[in-house]
Colleague: 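Take a look at the following structure, please.
Just so we're on the same page: letters track the sequence lines, and every chain starts at 1. Worth saying up front: this structure is predicted, and the values here are computed from it rather than measured.
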Amino acid sequence: MNTGNSRKRSAAATPSPQQQQKHHAVMEEEDLDEDVFLEETLLQYEEDSQVLRELEESNAIKERLQKWKRPSLSQAYIAQTQSISFQQLEIDYIIAASHKELLPNSSGQAAILRIFGVTKEGNSVCCHVHGFEPYFYISCPPGMGPDDISRFHQILEGRMREANRNSNAPKFVRRIEVVQKRSIMYYQQQASQSFLKIVVALPTMVTSCRGILDRGIQIDGLGMKSFLTYESNVLFALRFMIDCNIVGGNWIEVPVGKYKKAARNLSYCQLEFDCLYSDLISHSPEGEYSKMAPFRILSFDIECAGRKGHFPEPTQDPVIQVANLVTLQGQDQPLIRNVMTLKSCSPIVGVDIMSFDTEKEVLRAWRDLIREVDPDIIIGYNICNFDLPYLIRRAEVLGMAEFPMLGRIRNSRVRVKDATFSSRQHGTRESKEITIEGRVQFDLFQAVQRDYKLSSYSLNSVSAHFLNEQKEDVHHSIISDLQNGNAETRRRLAVYCLKDAYLPQRLLDKLMFIYNYVEMARVTGVPISFLLSRGQSIKVLSQLLRKAKQKDLVIPNAKQAGSEQGTFEGATVLEARAGFYEKPIATLDFASLYPSIMMAYNLCYCTLVTPEEVRKLNLPPECVNKTPSGETFVKSTLQKGILPEILEELLTARKRAKADLKEATDPRVKAVLDGRQLALKISANSVYGFTGATVGQLPCLEISSSVTSYGRQMIEHTKKLVEDKFTVLGGYEHNAEVIYGDTDSVMVQFGVPTVEEAMKLGREAADYISGTFIKPIKLEFEKIYYPYLLISKKRYAGLLWTNPDKHDKMDAKGIETVRRDNCLLVKNLVTECLYKILVDRDVPGAVQYVKNTISDLLLNRMDLSLLVITKGLTKTGDDYEVKTAHVELAERMRKVG
DNA sequence: TGCCTGGCCTAT
DNA sequence: TGAGATAGGCCAGGCA
């Protein structure tokens, strides 16, 4: 890599001194934030950094600061003659006094939303949004008139005051409106009914108010009455996004005249202003607005001088180096390469080295870098659970109160919270939650762990896997020695540290995380930060709330809405006729099985009919479907389900994205589109899981058990149809046999000897059977396995063919070769066996191979202990058990063969 | 030795 | 207040 070259390029990207000068003149005239910003920054240095003040004189520092800074604001922004468009990355809110000018009739404290983002020129934005109020719904008791509502309001206000005695809020319940809505639960004949929209002063009051209504309140004439609340568990920032049609990572525009420049800057952002929520224009992410702003991405890594044999602890072990890499989104070379070292460090070509005498200065310099560079996204490897908490704790230990001001809000500290994330999918994980206001944290460790199944998640092995690149070879144990050496040894450490900052950036690019995550945020509507910190269900809920809002439906907050807790029956796995098949096996698959079932049978919360209602309403049989699990849903002629509608939109959008992807030539556009089609597919598949999540937001087991019951029926139907139609009696050469099938697939032996013939029959069968199902359920011919080794349910291997000329690859499912709980020896042994069986077609040879390998190992125990790290060996200390397991495996293969 | 249970990991 | 689902194979370890 030519670092000299990239340095020149990055220098050209920042404005020339002359340009700066020009802006400066204008700015002085207008007394603008740029200038104030600079002044305040310098003041800050005087306050808390003596060393920097001394160096302030030096040109090197000025140059460095110049390079770190964002591009200056253009004239039009400064003069406020242009609307402000920016890509939003983060939205949060604060509690503060209402804006007098924008909301003259309001008083007291209010929630003010803050949207952080970047303009297409690369200027940072902090937009304070006023006037959006927290609210939720309850259904309106019948016969409630305006007087009753006003009385109800008074009672509720009183109860709220009682429950929040420490609060000095002038008012809790701002107002109660009657609105026409309908619950999303169950099919209902009347178009809508009255609901009360309860608007409260602050977001936290929603929870408190819900509690009161849950427990019940005394109402004249009605007695003690408890209320089911609706949409009372929607996080305030998400509520705002939904109501304003804002999706994660989209572009927002505030027209000229609609924004007021803040009198005092609360943030370090270049453009900071106030506006009303009703004046925001949210652009859907299409065309120009599907592009990405040039975010600033900081990748960093720290090194600590741990004591020998101990993992570094912030209470004792100092931070000795911090490496930083700053890259603009969309560029392939970093803008800044920097290392901060404790004690001197020899130069590294193309790297800005800052050396300090004390650890405090190192930490302070890093804080200053964050402030000056102003990154939108902070990345690294395991930064959320190691580097960031370590830095913060370490600064605490050193008594540096000024350190943890890393966010975009002036004088505001980062917040650290212990959090646990537990799901059946990922298990229970302890983690630290660190809030850095206005900046997105993206931990590559978390992202890779979520999105990829690997045997090891160390930075080294992940880099080797995806990048074919390894870490610099420096062992932990010698870090302290390198630090205590000289400028040369510390240079070696710095190179290591830099590489650890460089690899996460490479992974981010290679795996296209920015594109994929921004697209996921856009498709599902949640903020980007939710994608790493929250589960799958918030994404479905966000889509559901958006769709429900369009249709004037409201979502109840009840945990077991409409379904008794419990478990439900899943999919059918057809009996596996274990064996070694030397004739081609055709695989027929249902495309997106569960989504298409939900669409075909209109399964939704709002189409479900309770057994009592079925009797009461006396619905004509042609208007309803009774599912194989015994539930009733109305057909779309009476009421179209919103889950099916969401799914249709997701799947048609995916088709379009895939079509556009074919047309696209620009690699960036391609990346966006590929990220989008992936996000759309994942989203469609998680809707079913959402309805079956008994500990989720809106479980509905009637839906999920109906989905699986249709699935079971379909796979049995498919098996029967294939075996009935493709027979000698039916005019075919052989009788077809379904030898296996799982959930949405059947494996068929048509009896023909060639791949080509099997493909032809596979296609014919898929078309024929598809014709017997309701749209959009479709059975597709997918691939041929030839030969095919079926060991048992969920365990098989075969050579996979998608065209008749040559096989694509060897494919193995569920076998030791794909499992991560076996030692490498077992894995390699079995892979070799499969190769011999499937490619060489030599089953006795495979068995002999296993026996030979094992007896070799028996002869050489040394090799064994080096190679085998098995559960059997480590747990029992008896390696013989492990070997019997291998022999058994070989025996089984022999039997099967 | 066979039978059962819990833990782990995978298939879909 | 935060968490997609079930089916199923195989092993370790306890017990008789």
Colleague: Let me know the distance between CG of A:Leu603 and C1' of C:dA5, rounded to the nearest Å.
Modeller: 15 Å
Colleague: Answer yes if the ring centres of A:Tyr137 and A:Tyr230 are under 6.0 angstrom apart, and no otherwise.
Modeller: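 No.
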Colleague: Surrounding NZ of A:Lys197 (heavy atoms of other residues, nucleotides or ligands, distance under 6.0 Å), is the total greater than 12?
Modeller: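 Atom NZ in A:Lys197 is packed in, count exceeds 12.
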Colleague: From CG of A:Leu790 over to P of B:dA11, roughly how many Å is that when rounded to an integer?
Modeller: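 Checked: the CG to P distance equals 14 Å.
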Colleague: In whole Å, I'd like the distance from the CG atom of A:Leu698 to the C1' atom of C:dT1.
Modeller: 14 Å
Colleague: Once you round to the nearest 0.5 Å, how far does CG of A:Asn685 lie from CG of A:Leu680?
Modeller: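 If I round to the nearest 0.5 Å, the distance is 11.0 Å.
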Colleague: Base, sugar-phosphate, or nothing for A:Asp742, non-hydrogen atoms under 4.0 angstrom?
Modeller: sugar-phosphate
Colleague: Do A:Phe466 and A:Tyr452 make the cut of ring centroids closer than 6.0 angstrom?
Modeller: yes
Colleague: Holding to side-chain hydrogen bond (donor to acceptor under 3.5 Å, both in side chains), I want the full list of residues that pass it with A:Ser208, two or more places apart in sequence or in another chain.
Modeller: A:Asn164
Colleague: Taking B:dT12 as the reference, what is the distance to C:dG4 when you measure between their C1' atoms (whole Å, please)?
Modeller: 14 Å
Colleague: Is the ring centre of A:Tyr601 less than 6.0 Å from the ring centre of A:Phe633?
Modeller: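 Centroid distance A:Tyr601-A:Phe633: not below 6.0 Å, so no.
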Colleague: Output the rounded distance in Å from CZ (A:Arg210) to C1' (C:dT1).
Modeller: 7 Å
Colleague: How many Å lie between CD on A:Glu231 and C1' on C:dT1, as a whole number?
Modeller: 16 Å
Colleague: Using a 4.0 Å heavy-atom cut-off across all strands, classify A:Val818 as base, sugar-phosphate, or nothing.
Modeller: sugar-phosphate
Colleague: Is the centre of the A:Tyr93 ring less than 6.0 Å from the centre of the A:Phe240 ring?
Modeller: no
Colleague: Once you build an axis from the first five pairs and another from the last five of the helix from B:dT1-C:dA16 to B:dT12-C:dA5, how far apart in angle are they, to 10 degrees?
Modeller: 10°
Colleague: Hey, is A:Glu716 close enough to A:Lys720 for a salt bridge, meaning N to O under 4.0 Å?
Modeller: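 Here A:Glu716 does not pair with A:Lys720 in a salt bridge, since their nearest N and O are not under 4.0 Å apart.
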Colleague: Taking the six-membered ring for Trp, are A:His717 and A:Phe773 closer than 6.0 Å centroid to centroid?
Modeller: yes
Colleague: Starting from P on C:dA5, measure out to CD on A:Gln697 and report it in whole angstrom.
Modeller: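 Checked: the CD to P distance equals 13 Å.
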Colleague: Looking only at heavy atoms, what is the nearest atom pair of A:Arg450 and A:Leu531, with distance?
Modeller: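 In this case the closest contact between A:Arg450 and A:Leu531 is NH1-O, 3.1 Å.
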Colleague: Where do N or O atoms of nucleotides 6-9 of chain C meet protein N or O atoms at under 3.5 Å, pair by pair?
Modeller:
unit_1	atom_1	unit_2	atom_2	d
C:dT6	OP1	A:Thr567	OG1	3.2
C:dT6	OP2	A:Arg424	NH1	3.0
C:dT6	O3'	A:Gly570	N	2.8
C:dA7	OP1	A:Gly570	N	3.0
C:dG8	OP1	A:Lys793	NZ	3.0
C:dG9	N2	A:Arg819	NH2	3.2

Colleague: Report which part of the nucleic acid A:Phe421 touches: base, sugar-phosphate, or nothing (heavy-atom distance under 4.0 Å, all strands).
Modeller: sugar-phosphate
Colleague: By side-chain hydrogen bond (donor to acceptor under 3.5 Å, both in side chains), which residues pair with A:Glu433, not counting sequence neighbours?
Modeller: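 Result, side-chain hydrogen bond (donor to acceptor under 3.5 Å, both in side chains) vs A:Glu433: none returned.
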Colleague: Tell me which residues in residues 520-535 of chain A put a heavy atom below 4.0 Å from DNA chain C, sorted by number, or none.
Modeller: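 When residues 520-535 of chain A is checked for heavy atoms under 4.0 Å from DNA chain C, the hits, listed by number, are A:Arg534, A:Gly535.
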Colleague: Ignoring backbone atoms, test whether A:Tyr796 places a side-chain nitrogen or oxygen under 4.0 Å from the OP1 or OP2 oxygen of B:dT12.
Modeller: yes
Colleague: Using a 4.0 Å heavy-atom cut-off, does A:Ser686 contact any base of the nucleic acid, only the sugar-phosphate backbone, or nothing at all?
Modeller: nothing
Colleague: Would you please name every residue forming a side-chain hydrogen bond (donor to acceptor under 3.5 Å, both in side chains) with A:Ser431, sequence neighbours left out?
Modeller: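 Result, side-chain hydrogen bond (donor to acceptor under 3.5 Å, both in side chains) vs A:Ser431: none returned.
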Colleague: Measure from CZ on A:Arg239 to P on C:dT1 and round the result to the nearest Å.
Modeller: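 Rounded to whole Å, this separation is 21 Å.
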Colleague: Send over the distance from A:Asp214 CG to C:dT1 C1', rounded to a whole Å.
Modeller: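 Answer to the nearest Å: 12 Å.
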